[in-house]
Protein chains: 2
Amino acid sequence: MSEQVPRVLVVEDEAQIRHFVRLALEAEGCAVSEAAGVADGLARAGADDPALVVLDLGLPDGDGVDFIRSFRAWSERPVLILSARTEESHKIDALDAGADDYLTKPFGVGELRARVRALMRRRQRQGGASPWLEFGNVRVDFARRQVTRDGEAIHLTPIEYRLLAMLLAHPGQVLTQRKLLAEIWGASYVESSHYLRVYVGHLRQKLEDDPTQPRHFLTETGVGYRFQPDA
Amino acid sequence: MSEQVPRVLVVEDEAQIRHFVRLALEAEGCAVSEAAGVADGLARAGADDPALVVLDLGLPDGDGVDFIRSFRAWSERPVLILSARTEESHKIDALDAGADDYLTKPFGVGELRARVRALMRRRQRQGGASPWLEFGNVRVDFARRQVTRDGEAIHLTPIEYRLLAMLLAHPGQVLTQRKLLAEIWGASYVESSHYLRVYVGHLRQKLEDDPTQPRHFLTETGVGYRFQPDA
DNA sequence: GCGAATTTTTACGACATTTTTACGCGGCTG
DNA sequence: CAGCCGCGTAAAAATGTCGTAAAAATTCGC
């Protein structure tokens, strides 16, 4: 009878606001984790797979819009923006990058909490039909962040999970190495293809029947990788 | 082949704002229906089952919050509130009644459109078929970087694929050797026509019914090569 | 601070692709 | 008709890329 408390990730550099937001979210009955920057936030999001991300746009180590884009490459969780910028163009950019709501500072606790409730409610509404995805003898349940193979739970590390989510989000498509590296490790890692070799290897090891003869995680030499759903 | 245009319902008593919103939504490619009051709006919503409702809170014949509650009794479609009231309590009430977003007047067209896009984004997930190109019994799907022949996947190496893409981009035209070489191998290889002989051979081997009698990848002796779409 | 889990780095054999080389064919020309 | 030239094919050589295992460094939870 686990109470299934939704996890929320707050990405915000100012400690004071972060604390303020944490209190508001905890009052909503959420479990809160925090990150102070873009890189930190993406790593944490990959580890926690939060039900909601509350994101400040004015981060020290990068643009919040970049966070949204990277995050959207492998996750569809709602994102609520907090920002001091009231210009319409900023709102449009953030919403089109994949954000779900945009709240300008200063804002009241009550409105923040109400908007959080609205975003989480929608998740419940459509999360009812647990959208799993199957290939081979593997089932991936994104809502629960759970991967099973022949019914047995398979443990994936944060990076493995993000890579898997990204590949599965584009079935049949070739994802270039540069794109995968940029979305998962960051723009400055686009040349470090050895990371991919290692982690694709992990996925095959854990999810393919015969890791030496992969049927789902295919290599396109010199280009990237392709996820092949069931034949 | 109807394009499946999403229907949006605008519930707003002031004709001027209604028109303004209609224009914004139509610019998003939506089919718009209008209602001027709560009763009218609910009736219209029941008839149309719109993909989104844009709702003004200041209606003459009842409270907008009542509209939301009634609507939510039978529909889970997203609701976007427009309101002149900026008090936090109003926002909280509307969001908790079941609204998904709350926009205070005055607002910009751009922000309205962006928020509409954000609300509608989720429901349209799988666009499915990507544009492809066919000749003979071969199909080329550039979005997925996939080539099939009689339904069977054909593997192409990076150079083979680039050459194919280039030829297919200019159907019926003769592409000179120098141009192909410059584009694929670089400006300093424009004389090395033997590369082309090898790789055009590969394409014919993999894609032509009878590689010795090519029907699509034709040689223009002394000039270059020409891609011939279906006869 | 300590142990466990995870990420990063490194090295090397296996494999895929590209490049190079060689040769046969056929048309054209002198 | 002989020789030259451009083309097509095949296969060897060279290069580059990939997969794997394991060690080193880092992070995380307690």
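Values reported hereafter were calculated over all heavy atoms of this structure, with side chains retained and with hydrogens, waters and symmetry mates removed.
- For the pair Y195(A) OH and dT26(D) P, the computed distance is 12 Å after rounding to whole Å.
- In summary, contact between chain B and DNA chain C, defined as any nucleotide atom under 4.0 Å from a heavy atom of the protein, begins and ends at dT17(C) to dT20(C) in the 5' to 3' direction.
- Annotation for H19(A): atom NE2 does not count as buried by contact number, only 12 or fewer foreign heavy atoms lying within 6.0 Å.
- Applying the side-chain contact (heavy atoms from CB on, under 4.5 Å) criterion to V109(B), with sequence neighbours excluded, gives F20(B), A24(B), R113(B).
- Counting heavy atoms from C-beta outward, V79(A) and R72(A) have side chains that approach closer than 4.5 Å.
- In this structure, L25(A) CG and C30(A) SG are separated by 5.5 Å, a value rounded to the nearest 0.5 Å.
- Here dT27(D) presents its C1' atom at 12 Å from CG of D40(A), a figure rounded to the nearest Å.
- With 3.5 Å as the limit, one finds a donor-acceptor pair spanning the side chains of R226(A) and Q146(B).
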List the atom pairs, with distances to 0.1 Å, where a side-chain N or O of residues 197-214 of chain B and a protein N or O form a donor-acceptor pair under 3.5 Å, not counting sequence neighbours.
residue: R197(B); atom: NH1; partner: S193(B); partner atom: OG; Å: 3.4
residue: H202(B); atom: ND1; partner: E160(B); partner atom: OE2; Å: 3.2
residue: R204(B); atom: NE; partner: F217(B); partner atom: O; Å: 2.9
residue: R204(B); atom: NH2; partner: F217(B); partner atom: O; Å: 2.9
residue: R204(B); atom: NH2; partner: T219(B); partner atom: OG1; Å: 2.7
residue: K206(B); atom: NZ; partner: H155(B); partner atom: O; Å: 2.9
residue: K206(B); atom: NZ; partner: E160(B); partner atom: OE1; Å: 2.8
residue: E208(B); atom: OE1; partner: R215(B); partner atom: N; Å: 3.1
residue: E208(B); atom: OE2; partner: R215(B); partner atom: N; Å: 3.2
residue: E208(B); atom: OE2; partner: H216(B); partner atom: N; Å: 2.8
residue: E208(B); atom: OE2; partner: F217(B); partner atom: N; Å: 3.0
residue: D209(B); atom: OD1; partner: N137(B); partner atom: ND2; Å: 3.2
residue: D209(B); atom: OD1; partner: R149(B); partner atom: NH2; Å: 3.3
residue: D210(B); atom: OD1; partner: T212(B); partner atom: N; Å: 3.0
residue: D210(B); atom: OD1; partner: T212(B); partner atom: OG1; Å: 2.7
residue: D210(B); atom: OD2; partner: T212(B); partner atom: OG1; Å: 3.3

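- Using a 30° and 60° split on the angle between ring planes, Y195(B) and Y189(B) fall in the tilted class, from 30° to 60°.
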For a quick test of your reading: what N or O donor-acceptor pairs under 3.5 Å do the side chains of residues 170-178 of chain B make, sequence neighbours left out?
residue: T176(B); atom: OG1; partner: K179(B); partner atom: N; Å: 3.1
residue: R178(B); atom: NH1; partner: E191(B); partner atom: OE2; Å: 3.2

Sequence-aligned protein contact record of nucleotides 3-10 of chain D, with B where the base is within under 4.0 Å of a protein heavy atom and S where only the sugar-phosphate is: ---SBBB-
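- Checked for salt-bridge contact, D101(A) and R115(A) meet the test: a charged N lies under 4.0 Å from a carboxylate O.
- Taking the six-membered ring for Trp, W132(A) and F142(A) have ring centres at least 6.0 Å apart.
- Helix-axis bend for the helix from dG1(C)-dC30(D) to dG30(C)-dC1(D): the local axis fitted to the five terminal pairs at one end deviates from that at the other end by 30°, rounded to 10°.
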